[in-house]
Amino acid sequence: SCEEQGLVPDTPMLNLAIGSCGYGREWERAIALLSEFPLRRLQCSDYSYNAAFGALGSSRQWAQVLALVESMASNRVALDRGMRESAARSAALGKRQMQIDVTESLSTADWQEAIACLVAMQ
């Protein structure tokens, strides 16, 4: 961990880690890192949330994007125009990726997987 190496995680370091989670499709880790901000008495930046939105979108977790927006609203975090657009893009990307999965499943005649994807999209 960072502490074992003598590093104290700060906002830029956590933001970088959250952004990296998006490339690795590690959305659970991205959300866990986002939840560390208040525990470490750090303030999330717009980048923190945008990076989390990106990780969720690239991981096809469009419903989690909506849950994060709802969580932000309940915590009285103001969503500026950029964050709203980022959330919308990430949700659309995640949903589009699931639709592509359905199409590919149908083309490979794996109808059970296609139905499971459709049910998950509801």
Side-chain angles (χ1 to χ4, degrees):
S1 76
C2 291
E3 287 86 1
E4 291 171 355
Q5 296 178 10
L7 300 172
V8 178
D10 58 6
T11 297
M13 187 182 295
L14 288 173
N15 286 346
L16 181 62
I18 292 169
S20 296
C21 290
Y23 292 108
R25 294 188 178 171
E26 295 286 334
W27 70 271
E28 295 102 339
R29 184 69 183 134
I31 296 302
L33 288 166
L34 194 62
S35 70
E36 285 188 29
F37 279 87
L39 300 175
R40 296 181 180 279
R41 298 175 195 245
L42 297 171
Q43 184 70 34
C44 289
S45 67
D46 292 355
Y47 183 85
S48 309
Y49 290 110
N50 288 336
F53 289 141
L56 292 168
S58 67
S59 300
R60 301 178 176 132
Q61 298 297 318
W62 62 272
Q64 293 296 325
V65 171
L66 302 178
L68 179 56
V69 169
E70 186 176 294
S71 168
M72 291 170 68
S74 68
N75 290 323
R76 297 192 170 118
V77 175
L79 276 92
D80 64 18
R81 182 177 181 200
M83 288 196 301
R84 284 192 304 271
E85 289 174 358
S86 178
R89 275 193 309 273
S90 295
L93 171 65
K95 203 165 189 177
R96 189 168 41 253
Q97 288 295 344
M98 287 186 75
Q99 290 167 341
I100 290 169
D101 290 347
V102 169
T103 302
E104 288 174 355
S105 294
L106 289 173
S107 66
T108 60
D110 189 355
W111 61 272
Q112 289 176 326
E113 184 178 339
I115 289 173
C117 286
L118 288 171
V119 169
M121 287 172 41
Q122 294 181 347

Shortest non-hydrogen separation from Leu68 to Leu56 and the atoms involved:
CD2-CD1, 4.1 Å
Nearest 0.5 Å, what's the CG-CD distance between Leu79 and Glu85?
11.5 Å
Got a second to check how far Gln64's CD is from Glu70's CD, nearest 0.5 Å?
11.0 Å
Counting C-beta onward and ignoring hydrogens, is there a side-chain heavy-atom pair between Phe37 and Asn15 closer than 4.5 Å?
yes
Check whether Ser90 reaches the backbone of Ala87 with its side chain - one donor and one acceptor, N or O, closer than 3.5 Å.
no
same_hphob_cluster(Val77, Leu42) at 4.5 Å side-chain heavy-atom cutoff:
yes
Before you tell me yes or no, could you show the steps for Val69 and Tyr49 under side-chain contact (heavy atoms from CB on, under 4.5 Å), namely the whole-Å CA-CA distance, both residues' side-chain angles and the distance that decides it to 0.1 Å?
CA-CA 9 Å; Val69 169; Tyr49 290 110; over 6 Å; no
Which heavy atom of Leu34 sits nearest a heavy atom of Cys44, and at what distance?
CD1-SG, 3.9 Å
In the single-linkage hydrophobic clustering (I, L, V, M, F, W, Y; side-chain heavy atoms under 4.5 Å), do Leu33 and Tyr47 co-cluster?
no
Kindly work out whether a path of hydrophobic side-chain contacts (I/L/V/M/F/W/Y, heavy atoms less than 4.5 Å apart) joins Leu66 to Ile31.
no
Determine the minimum heavy-atom distance between Ser48 and Thr11, stating which atoms define it.
OG-CG2, 4.5 Å
Residue pair Pro9 / Arg40, side-chain heavy-atom distance below 4.5 Å
yes
Quick check: closest heavy atoms across Cys21 and Ala55, and the distance to 0.1 Å?
C-CB, 4.2 Å
Separation between CE (Met72) and CZ (Arg84), nearest 0.5 Å, reads 10.5 Å
Polar side-chain atom of Ser58 near backbone of Gly22 as donor-acceptor pair, under 3.5 Å:
yes
Hydrophobic clustering (ILVMFWY, side-chain heavy atoms < 4.5 Å, transitive) - are Trp62 and Met83 grouped together?
no
Return yes if some donor-acceptor pair links the side-chain N/O of Ser20 with the main-chain N/O of Leu16 below 3.5 Å, else return no.
yes
